[in-house]
Amino acid sequence: MTTIEHPELEGLGRYEYGWADPDTAGATAKRGLSEDVVREISALKNEPEWMLETRLKALRLFQKKPMPTWGADVSDIDFDNIKYFVRSTEQQATSWDELPADIKNTYDKLGIPEAEKQRLVAGVAAQYESEVVYHQIREDLEEQGVIFMDTDTGLREHPELFKEYFASVIPAGDNKFSALNTAVWSGGSFIYVPKGVHVEIPLQAYFRINTENMGQFERTLIIVDEDAYVHYVEGCTAPIYSSDSLHSAVVEIVVKKGARCRYTTIQNWSNNVYNLVTKRATAAEGATMEWVDGNIGSKVTMKYPAIWLMGEHAKGETLSLAFAGEDQHQDSGAKMVHMAPNTSSSIVSKSVARGGGRTSYRGLVQVMPRATGSASNVLCDALLVDTVSRSDTYPYVDIRNDDVAMGHEATVSKVSEEQLFYLTSRGIPEDEAMAMIVRGFIEPIARELPMEYALELNRLIELQMEGAVG
Amino acid sequence: MSTLEIRDLHVSVETENGPVQILHGVNLTVNSGQTHAIMGPNGSGKSTLAYALAGHPKYTVTSGSLTLDGEDLLEMTPDERARAGMFLAMQYPVEVPGVSVSNFLRSAKTAIDGEAPKLRTWVKDVKTAMDNLRIDPEFSERDLNTGFSGGEKKRHEILQLELLNPTFAVLDETDSGLDIDALRIVSDGVNRFSSGGDKGVLLITHYTRILRYIKPDFVHVFVGGKVAEEGGPELAEKLEEHGYADYVGEGAAV
Ligand SMILES: Nc1ncnc2c1ncn2[C@@H]1O[C@H](COP(=O)(O)OP(=O)(O)OP(=O)(O)O)[C@@H](O)[C@H]1O
Ligand SMILES: [Mg+2]
């Protein structure tokens, strides 16, 4: 996820991260889901009894709940064919050299160790298959009491925090996929930032699926204590396989009084991954929560990061970016629930569809009766690069008091012939001109990304736009 | 020496009600070292000619030929024409949000030259060209043409002319909407461009004012989609006095 060149990857085609490592661990992994599988995962992790109970209850909820019939088409997911747990290495490493060579090699190609060396990030977690295989945090942060570890270790070392917060923001039964995640979760990040501590440089997590038909179910829990600040950034990739994998994460965030949390995702799964993620944060009095959610890869994404504005003057902001190419459907958006007076929310969504790809914006703004004096603004712009692609907008608004300022604006536009002509008349080839226009369109969101991610995003867009011009 | 040759050019434009024929057989030859002025009433097809030269997809050449040193421009896409040496300063430059002027200029220069310009000299070249055209350096970071005033857009077109350094420049009413000082600044820019004697300029204008600064070698009167009369600079003076009354009717499109 940095700007390092990968000359060795040239010729892999459009998706640059599609190589696969030898898959010894994954090859022997069991397929299908049952109570036994859940018990086995819990036993392998030596979990406390209450977590096993939580998992089993969630499994029953998962089995009971119907598949969603709205949003993107997920009817092809074959839950019996998925491998729910793959352990790729016995021991978590704190230096890259301790990792098995092929795994280290993969992260090298992705540029993760390099970013850490260059101090672009203050902590790194790298998840490979089901578990976090590498983990490091800067010492000064640790000294200030910042906790950044994988969620399995978090559960072992901070049981009191888990009892209080785990599944408190997103209950297992919230939806079919949050139930599934709660039943079989493994890995993910656990972050606690103590009162008043500002983590100025982002913490980064990187998720990699290597096994075919793998299900990755990471679970992330972030608690930002009063007046603290943290920026968490996650990226992800997977090999290109002919049959599908499933990524179904749950991310819960608690932003306490006066605190601020920003959560940035650049989702770049390969085009055979179903990406069905539940993300939700609560923001207490005067707190700010920001989701920056970029969806570039995957076959199907359904993801609507939510913010519950629980305390007066809480603020929520979602910047959502979706890019759908051939055979991709990005069904994404945001959800804002105003629970307290004088809360404010803003949703900015930009989507680009090309090559028959499809983007949908789906958003809900809900303002409760006691949330007087609240304000919300929604802006969605969709750009169609050609005539075979599609974009839809599903904005839902539920306002239950009269003292609310609400703004909504939505546009769907085509790449303008005049803009293309202007750029090409200056010698710029048409595909490059198209990429410039698309990058210009998403610039308001790219601007919000850390520099190296913005550059990475630009490169991804360029790869996606290759061949966009007939 | 380079030659831009327009032979019996017929052009139609794509409209909502189907194609409409606009140009009815234009003949014009521009050699490097020459400046040609084109004058003509509104709607006579001057911009259509300019767009057809640059290869705008809405304008279809139905017959005739367009060559640059014998090379068939009609076979080329707009970007290929630009790389072959054509440049069009547009009457209405379009806004491209999110694309910065500096990024745009560097991309265009790289495309035209086939390699990225050397950073150090490029930054200096851009600065010099902007100084020449009295463009505030802050424009580098602004979005391309976005929110530019009419006059700023025109100066920015000439900035590109200076930096991209084509062989043939078509200037479509670059003088319209310019204040007196800007007219001078822009004219100086065009003259700097053509001063080496190896460039051709096709200047579309409504006013003789600019012709005081940019001296044309030839003046063409454009009416009803073709050239109705040709002459030297004195023809412009005559037009200023008499208007187009002598030509309309005779050559007007039906
Ligand atoms: N894209 C278009 N759609 C519809 N009609 C067009 C289009 N482009 C040109 N025309 C028509 O073609 C004719 C010539 O237009 P053109 O812009 O070439 O004139 P012009 O000589 O440049 O005029 P002006 O001096 O006003 O700039 C006009 O009648 C115009 O309405
Ligand atoms: Mg015109």
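Shortest non-hydrogen contact noted between P429(A) and D79(B) is CA-OD2, 3.4 Å. Nearest heavy atoms, S425(A) versus A82(B): O-CB, 3.3 Å.
Heavy atoms from other residues, nucleotides or ligands lying under 6.0 Å from NZ of K109(B) number more than 12. The number of heavy-atom neighbours closer than 6.0 Å to CD of E71(B), taken from other residues, nucleotides and ligands shown, is 12 or below.
For chain A, the option among K58(B), Q160(B), R81(B) with the highest count of heavy-atom pairs below 4.5 Å is Q160(B). Looking only at heavy-atom pairs under 4.5 Å with chain A, the residue among T77(B), D143(B), I112(B) that has the most is I112(B).
For E80(B), no part sits under 4.5 Å from any heavy atom of chain A, backbone or side chain. Proximity to chain A (any heavy atom under 4.5 Å) is shown, for P93(B), by both the backbone and the side chain. Contact of Y92(B) with chain A is not made at all, since no heavy-atom distance falls under 4.5 Å.
Within the model, atoms CD of E432(A) and OG of S107(B) stand 5.5 Å from one another, a figure rounded to the nearest 0.5 Å. To the nearest 0.5 Å, atom CD of residue E443(A) and atom CG of residue N103(B) are 10.0 Å apart.
The shortest side-chain heavy-atom distance between V96(B) and I437(A) falls under the 4.5 Å cut-off.
With hydrogens and angles disregarded, no donor-acceptor distance shorter than 3.5 Å links the side chain of R83(B) to the backbone of R426(A).
Heavy-atom neighbours of chain B within the stretch residues 409-422 of chain A, taken at a separation under 4.5 angstrom, comprise E417(A), E418(A), Q419(A), F421(A), Y422(A).
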